[in-house]
Amino acid sequence: MLKWELSGTPDHVAVIQDGNRRYAEKQGAEKQEGHREGAETTEALLNWCDELDVREVTLYTFSTENFDRDPEEREHIFDLVEQKLRTFADADRVHDAGVCIRAIGEMEMLPERVRDAIDYAEGRTAQYDQLNLNVALAYGGRAELLGAARDVATAVENGTLDPTDVSEETIEERLYEGPTRDVDLIVRPGGDERTSNFLPWHANGNEAATFFCTPYWPEFRKVDFLRAIRTYQNREQSWRTTRAERSLALVRAIEQSELPTAKRMLGRFRDALPSTEREQLDEEYDLAD
């Protein structure tokens, strides 16, 4: 029933895979078991995204702060990442679905074996564009923005960039290569209600919808993902309604000479208005045509 209620899906979903260690502790198991079961949930997530026509997924797999973890746990995560990258790169379903795998983050901080696996996965899937899978490894949002700012400052100092020419595009060109579009929805299981320095430019700048839930990542189910999609859908409907109401106020306030442009703007969001207001609008401005 929940799936039938959905009328649209986000293009880009970003997931903070939280709770693997707490899940293992709850089960009385080793931390490694939590990470292993979390990886299985990740595989299931990709199947759900393919089924729902999500075009891009970014997974927060290993942050720069995670380097402070116990060395044994850290090495197990690296082993698991290496294994999964190579498995995904060789999987028939990945090639059948046209999945392009990319890693984003401070790659030089990772062990050589993980970097080799990244190169292998990226090389094997570079020709695809049906679903972009970005794996955030040694990633930190502040570090990403700081690196872009330094590159801009260096270009200005070298005289190759005029300060007056700095724009959003200037910054985006210097961010990690990976995400091809803004984030529409952030999903975080595990009970914490924060986005943890994850994709601040692509998500916060786009005012992405955010879905928090209590199941740990290994417990995350398809119904949880569908609830996240519903959150995005409700957020998107609210956004469209707000824009429609602003556009309507603009149409009624501007001079007659600007009316055609304003009417075109309002027409884009007309369907988000309540039916009674929409009928009144159509009668006033002939927008139904």
Side-chain angles (χ1 to χ4, degrees), residues 12-18 20-21 31-32 34-43 45-46 49 56-95 97-151 154 171-181 183 196-202 217:
H12 187 177
V13 176
V15 181
I16 301 172
Q17 304 167 100
D18 193 23
N20 290 340
R21 296 191 297 172
K31 296 175 182 177
Q32 291 86 335
H35 292 306
R36 187 191 64 78
E37 293 197 33
E40 293 178 1
T41 302
T42 301
E43 292 190 44
L45 172 75
L46 297 179
C49 288
E56 187 157 9
V57 180
T58 301
L59 303 172
Y60 206 175
T61 303
F62 192 87
S63 71
T64 50
E65 291 81 6
N66 290 154
F67 281 101
D68 294 331
R69 291 187 176 182
D70 177 78
E72 183 178 351
E73 179 188 0
R74 194 172 60 222
E75 290 304 310
H76 173 77
I77 294 174
F78 289 148
D79 288 342
L80 190 58
V81 169
E82 177 190 1
Q83 173 195 339
K84 289 299 181 181
L85 282 172
R86 292 186 179 278
T87 300
F88 282 4
D90 291 333
D92 290 339
R93 59 189 178 85
V94 167
H95 294 276
V99 179
C100 178
I101 300 173
R102 291 176 180 167
I104 60 173
E106 303 293 326
M107 299 296 108
E108 68 279 0
M109 297 178 67
L110 297 169
E112 183 177 359
R113 67 182 189 281
V114 177
R115 296 199 303 270
D116 289 343
I118 290 170
D119 291 341
Y120 181 77
E122 290 182 342
R124 289 274 286 150
T125 63
Q127 70 273 28
Y128 301 129
D129 61 3
Q130 294 302 304
L131 173 62
N132 291 317
L133 172 60
N134 308 307
V135 185
L137 293 165
Y139 177 85
R142 288 184 177 181
E144 180 179 25
L145 294 179
L146 180 59
R150 285 172 173 164
D151 287 348
T154 299
I171 301 298
E172 287 180 352
E173 290 170 357
R174 290 164 170 80
L175 298 176
Y176 297 139
E177 184 178 359
T180 61
R181 49 176 64 82
V183 174
S196 295
N197 197 22
F198 188 35
L199 298 174
W201 182 274
H202 295 93
W217 180 240

Test side chain to side chain donor-acceptor pair (under 3.5 Å) applied to [X] - qualifying residues, sequence neighbours left out:
X	value
Q83	none
R69	E73
D18	R22, R188

For F88, enumerate each residue passing the ring-ring contact (aromatic ring centres under 6.0 Å, His included) test, keeping only those at least two apart in sequence or located in another chain.
-> none
Residues forming a ring-ring contact (aromatic ring centres under 6.0 Å, His included) with Y120, sequence neighbours excluded | none
Out of N20, T41, T42, which one pairs with W217 under the side-chain hydrogen bond (donor to acceptor under 3.5 Å, both in side chains) rule?
-> T42
Just by distance, do the side chain of [X] and the backbone of [Y] share a donor-acceptor pair under 3.5 Å?
X	Y	answer
H76	P71	no
N134	I104	no
E144	Y176	yes

Could you grab the distance from atom [atom1] of [X] to atom [atom2] of [Y], nearest 0.5 Å is fine?
X	Y	atom1	atom2	result
L85	T61	CG	OG1	8.0 Å
L145	R142	CG	CZ	10.0 Å
Q130	C100	CD	SG	11.0 Å

Can you name the one residue among V57, T58, T180 that meets side chain to side chain contact (heavy atoms under 4.5 Å, CB included) with H12?
-> T58
Sorted by first residue and then second, give each salt bridge (Lys or Arg N to Asp or Glu O under 4.0 Å) pair with at least one member in residues 114-133; sequence neighbours left out.
-> D90-R124
May I ask you to decide if the ring planes of Y60 and F198 are parallel, tilted or perpendicular, using 30° and 60° as cut-offs?
-> parallel
Going by the angle between their ring planes, with limits at 30° and 60°, are F67 and F78 parallel, tilted or perpendicular?
-> tilted
Just checking [X]: does its [atom1] atom have more than 12 heavy atoms from other residues, nucleotides or ligands closer to it than 6.0 angstrom?
X	atom1	result
R150	CZ	no
E177	CD	no
E72	CD	no
Q127	CD	yes

Can E75 and R113 be counted as an ion pair, charged N to O under 4.0 angstrom?
-> yes
Verdict with reasoning, D151 to T154, per side-chain hydrogen bond (donor to acceptor under 3.5 Å, both in side chains) | CA-CA 5 Å; D151 287 348; T154 299; 5.4 Å; no
Over all atoms of both residues, closest heavy-atom pair of M109 and A138 = CB-CB, 4.3 Å
